[in-house]
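This report concerns only the one structure given below.
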Amino acid sequence: MKYTLEKILFGIGIILLICFFGGLAYIRYDYYTNTITSYASTPLSVYNIIHGIIFLVPSIICFIVSLVLRSEPKNKS
């Protein structure tokens, strides 16, 4: 069970990391081409920080929990 949870968390972390980098590229492209005029006067760094909180922080948490589950010693009974 622990091995499965470790792999699932690692996979979720990878998916969140891909979403983070893909989202950064999309936000940067959309911000400078002004395809959507909803940015007003907010600087790009604000959107990057919000995007990082949404995707990067949970990704790091998933990787750390997966690493902790993997490094726990196995009980040999």
Side-chain angles (χ1 to χ4, degrees):
M1 178 67 181
K2 185 177 75 166
Y3 179 75
T4 306
L5 184 61
E6 169 195 337
K7 293 297 180 185
I8 290 172
L9 285 174
F10 188 74
I12 291 172
I14 288 176
I15 291 171
L16 287 172
L17 203 58
I18 291 170
C19 290
F20 172 71
F21 286 119
L24 284 182
Y26 178 74
I27 288 172
R28 184 171 181 85
Y29 169 77
D30 195 34
Y31 187 84
Y32 286 118
T33 58
N34 292 325
T35 55
I36 299 175
T37 57
S38 64
Y39 291 108
S41 63
T42 308
L44 184 61
S45 61
V46 172
Y47 296 109
N48 290 341
I49 291 170
I50 292 169
H51 191 72
I53 290 172
I54 291 172
F55 288 106
L56 189 60
V57 173
S59 175
I60 292 172
I61 291 171
C62 285
F63 284 135
I64 289 173
V65 170
S66 175
L67 185 66
V68 166
L69 287 175
R70 183 176 185 169
S71 66
E72 285 182 357
K74 294 179 174 65
N75 291 335
K76 294 182 179 179
S77 298

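Keep in mind that this is a model prediction, so the values were computed, not measured. Each residue takes its place number in the sequence, starting with 1.
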hydrophobic_cluster_shared for [Y] and [X], side chain cutoff 4.5 Å:
X: Val46; Y: Tyr29; answer: no
X: Ile49; Y: Tyr47; answer: no
X: Leu69; Y: Leu16; answer: no

Nearest-0.5 Å distance that lies between atom [atom1] in [X] and atom [atom2] in [Y]:
X: Phe21; Y: His51; atom1: CZ; atom2: NE2; result: 9.5 Å
X: Arg70; Y: Lys7; atom1: CZ; atom2: NZ; result: 6.0 Å
X: Ile27; Y: Asp30; atom1: CD1; atom2: CG; result: 8.5 Å
X: Tyr31; Y: Leu24; atom1: OH; atom2: CG; result: 14.5 Å
X: Leu9; Y: Thr4; atom1: CG; atom2: OG1; result: 11.0 Å

For Ile15, check side chain to side chain contact (heavy atoms under 4.5 Å, CB included) against everything at least two apart and list the hits.
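Side chain to side chain contact (heavy atoms under 4.5 Å, CB included) check on Ile15 returns Cys19.
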Please tabulate, for the side chains in residues 54-68, all donor-acceptor contacts under 3.5 angstrom to protein atoms that are two or more places apart in sequence or on a different chain.
residue, atom, partner, partner atom, Å
Ser59, OG, Gly13, O, 3.0
Ser66, OG, Glu6, O, 3.2

Clusters formed by hydrophobic residues whose side-chain heavy atoms approach within less than 4.5 Å: which one holds Tyr3, and what are its other members?
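Via sub-4.5 Å side-chain contacts, Tyr3 links to none.
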